[in-house]
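Values reported hereafter were calculated over all heavy atoms of this structure, with side chains retained and with hydrogens, waters and symmetry mates removed. Please read these numbers as outputs of a predicted model, since none were measured by experiment. When a ligand or atom number is given, it counts from 1 through the structure's own listing order.
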Amino acid sequence: MGSESFPKLPFLDFSKLELSSVGSPEWESLKSQVREALEEYGCFEASYDKIPSDLRNAFFGSMEEIFELPLETKMRNVSDIPYHGYIGNHPSVRLYESLGIDDVAVTEKVEAFANLMWPEGNPDFSKQTHSLVEQLSTLDMTVRKMIAESFGLQKYVDEHINSTGYLLRIMKYNSPNTTDTEVGVNSHTDKNSLTILHQNQVEGLEVQTKDGSWIKFQPSTPNSFIVIIADCLSAWLNGRLHSTYHRVMMSGNEARYSLGLFSFPKADYLIKVPEELVDEQHPLLFKPFYHKELLSFFYTEVGQAAPSALHAFCGV
Ligand SMILES: O=C(O)CCC(=O)C(=O)O
Ligand SMILES: [Fe+2]
């Protein structure tokens, strides 16, 4: 199926909203827009001005610096979890390179990453990352809180927030340098809870609609982010919101840089559909599971071959 430029994704403005404004008319209005957008698309564009442009630019500058470091330096960033360490320099991911910072809300983890990349230290990078993650995790919690409230699940909010881990991943897609379009990342759903992505001025991200066509993500403002439902949240909601298939298609001759904050349930948190979401019209769709088990399954041969690893792993 070719990529086509279809109507834009729903655009929601989070700039004026404070997390503390729960229950205000602005909160309630945005909450219903979040629910509506996610029911239709599983994602939306969020305008969010809490991350000033100088911070965004400085962080993208640091990202460029990191990707220019020698391969052996980038390869110091290792993780037992696939896609949490360094990926690149591999024929199957010709255009794609990425590095992950696990537990990125923990200051020492960011400093440890910075020390790997710059053995002489880089306090600026640690500060930038801290500010960025603080604001993006606030957006993540706001959206997840709105979702829970909209399904009458507010009693689970604290437990969810307290059992959340964050991975920050920075990505570079080299330009294909041909007149063709080339895959940067194949179509997939994310395996975490909620994903927030941001990119430089080079486009390439596409999301799939319910009818199977593809919408290009074309940010309306420089402070636009895309918020995407991933598998763990979809499963917890008994499939009432779906995790959206997305991919990156690269063309032209400019490199694309993007960053993603991925929230996920911590290792000891059992993802179990709340009883409030199961009734005759909505039979239980997913058995309880741990995030790590889903990830491990996803990277097996069977998991990779399954059209949906989530359904294959814990579908009832
Ligand atoms: O680079 C992007 O915008 C998308 C990356 C992505 O889908 C992922 O890392 O899961
Ligand atoms: Fe993704």
| request: Show the protein residues that qualify under the rule heavy atom under 4.0 Å from an atom of ligand 1, listing them in chain and number order. | output: R169, M171, Y173, H188, D190, L197, L205, H246, V248, R256, S258, F262
| task | Please confirm whether R169 makes a cation-pi placement over Y83, using NZ or CZ under 6.0 Å from the six-membered ring centre and within 45° of the ring normal. | result | no
| Rounded distance [0.5 Å steps], OH in Y86 versus CG in N77 | 10.0 Å
| request: Validate the cation-pi geometry between K191 and F298: distance from NZ or CZ to the six-membered ring centre under 6.0 Å, angle to the ring axis within 45°. | output: yes
| query | Restricting to N, O or S atoms of H246, which is nearest to the Fe ion (ligand 2)? | reply | NE2
| field | Distance (rounded to the nearest 0.5 Å) between E276 CD and K155 NZ | value | 4.0 Å
| If you group Ile, Leu, Val, Met, Phe, Trp and Tyr by side-chain heavy-atom gaps below 4.5 Å, do F67 and V78 land in one group? | no
| task | Mind checking salt bridge (charged side-chain N to carboxylate O under 4.0 Å, His left out) for E149 and listing every partner two or more places apart, or none if nothing turns up? | result | K31
| task | Could you check which N/O/S atom of D190 is closest to the Fe ion (ligand 2)? | result | OD1
| said: According to a hydrophobic-cluster definition based on side-chain heavy atoms being under 4.5 Å apart (Ile, Leu, Val, Met, Phe, Trp, Tyr only), do L270 and W236 belong together? | reply: no
